[in-house]
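Heads up: the structure comes next, in structure tokens.
No experiment lies behind these values; they were computed from the predicted model shown.
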Amino acid sequence: MAVKFFGQFLVERNIVSRELLLKAIELQDSVNLKFGEMALSISMITPAEAERVNEAQKSEDLRFGDMAVKLGILTEEQMKEVLTRQKNSHLYIGEALVKVGALASEELPRYLDEFKTDQAPYVVDHVAIPAGVPHAALWEITADLTYKMFTRIVQLTFRPGQCEIINRIEPNNTIVSMRMSGATDAEYFISVSGGVREMIARAILKEDDVSGEQKDVLDDTVMEFANVVLGNIAAKAAQIGKDVEIHPPEVVDTDGTGIDVPAGSTGLAFPIHVMDERVALCVIVER
Amino acid sequence: MKKVLIVDDSIAVSRQLEKIIAGSGEFEVVGHAKNGAEAIKMHQTLHPDITCMDMNMPVMDGITALRTLVAMNRDVKVVMVTSLGGVGDKFTEAIKLGAKNVISKPFEDDKVIEILRGL
């Protein structure tokens, strides 16, 4: 019940051994060329030009091909040609496992079908993000997986509200924050009322009654919930080519004054209405 | 009965894992460590058969502790526990360093036990 990649799914089910998976990954690493390596291998760029692109990438967050076009080293057409070659020669993990003898080729379609069924609950549904917000696809994944985890883990019945841009996060019983870096520099918040916090605690601790638990234990369960949600978001983001690092969760706004969205940042709120009351909220503040 | 050491800085996760592992009746949870450094110390005194260890922890993270434990005993049975299990690079890194498997969060009780049984 988590976002996985195919190799992990097979190891978990003891269909392939960890040793053979590693062998297949090594094979993939040797066959699947990165954009720059592919462009070099077909002499579309020179080593000196590749170095220029690498240097320029240190000061601007652009992919190799986009940077090469920006610097006038490649035309748009040439970039597309390299991408097509990369795509056509890509060795997928399933194929690599067949090549190293971990799977029989006739077994592969069946396991891929089983994997798709396993991952079906994590197919992202559309969430409307206000126009002009950067990294909209990432925030769509973030909101949708947060909703799905509230349903699957906490078994919360709710109605998601429309995403809105906010300048402030109002105080609540527990607000947990986690930093995201890499493809974005943002802060992810889960803000919950006491009732929703208890539901999270019951789910995480696997206890029917958590009324006797201390507040720090209850807060710890909200931190763990945020950690699980964001870990799965990072896995889903990696599938669309966005590498997101997540940092440890912490309880914030302990003095209950609320949190202002800093100037120059965008605050996105995804209200979660529970029994006619807005008690849970997933918020993203991107710097 | 196989002895299991749980290593996690979160009280919630430790309790959740203990409930699943001890509840199976097949394993005995012999200790809880809050970080990698504590895990290494407890390994030397408790000699667990299996260690379930979080990747991200304060003081010493799980990956650093895994490296140390493997250096001390290359047959050590460590299973990494992480919400980042689905990130291919993280999974591969743990396996390459000697972890026997990776348990992804949220936990599936049966899957956790199945993984431990397979060690």
B/D61 portion near chain A, given a 4.5 angstrom heavy-atom threshold |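 Looking at B/D61, nothing touches chain A.
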Part of B/I95 within contact of chain A (heavy atom distance under 4.5 Å) =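 Interface part for B/I95: both.
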With a cut-off of 6.0 Å (strictly less than), are more than 12 heavy atoms of other residues, nucleotides or ligands near [atom1] of [X]?
X      : atom1 : result
B/K100 : NZ    : yes
B/R74  : CZ    : no
A/K116 : NZ    : no
B/K34  : NZ    : no
B/K19  : NZ    : yes

Between [Y] and [X], is there a side-chain heavy-atom distance shorter than 4.5 Å?
X      : Y      : answer
B/K96  : A/L22  : yes
A/Q8   : B/T92  : no
B/K105 : A/N232 : no
A/R152 : B/P106 : no

Mind listing the closest non-hydrogen atom pair of B/R15 and A/V217 along with its distance?
->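 What the structure gives for the nearest pair is NH1-CG1, 3.9 Å.
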Mind listing the closest non-hydrogen atom pair of A/R18 and B/A99 along with its distance?
->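 Taking every non-hydrogen atom into account, NE-O, 2.8 Å.
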What part of [X] lies closer than 4.5 angstrom to a heavy atom of chain B: side chain, backbone, both or neither?
X      : answer
A/E12  : both
A/L218 : neither
A/E245 : side chain
A/I246 : side chain

Could you note down all residue pairs passing side-chain hydrogen bond (donor to acceptor under 3.5 Å, both in side chains) where residues 91-100 of chain A supplies at least one of them, sequence neighbours left out?
->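 Not a single pair qualifies under side-chain hydrogen bond (donor to acceptor under 3.5 Å, both in side chains).
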Any donor and acceptor pair, going by atom type alone, linking the side chain of A/D220 with main-chain N or O of B/A12 inside 3.5 Å?
->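 Such a contact is found between A/D220 side chain and B/A12 backbone.
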Chain B: which of A/T221, A/V229, A/N227 shares the most heavy-atom pairs with it under 4.5 Å?
->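 Top count of heavy-atom pairs under 4.5 Å with chain B: A/N227.
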For each of A/E213, A/K206, A/H247, tally heavy-atom pairs with chain B at distances under 4.5 Å, and name the one with the top tally.
->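 The answer is A/K206.
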Measure the [atom1]-[atom2] distance between [X] and [Y] for me, rounded to the nearest 0.5 Å.
X      : Y     : atom1 : atom2 : result
B/K111 : A/R13 : NZ    : CZ    : 4.0 Å
A/E224 : B/S14 : CD    : OG    : 9.5 Å
B/S104 : A/F5  : OG    : CZ    : 9.5 Å

Option in B/V13, B/N56, B/L17 with maximal non-hydrogen atom pairs under 4.5 Å from chain A =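 Sorted descending by pairs with chain A, the first entry is B/V13.
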List the steps and the verdict of side chain to side chain contact (heavy atoms under 4.5 Å, CB included) for A/I204 and B/F107.
-> CA-CA 9 Å; A/I204 298 289; B/F107 299 131; over 6 Å; no
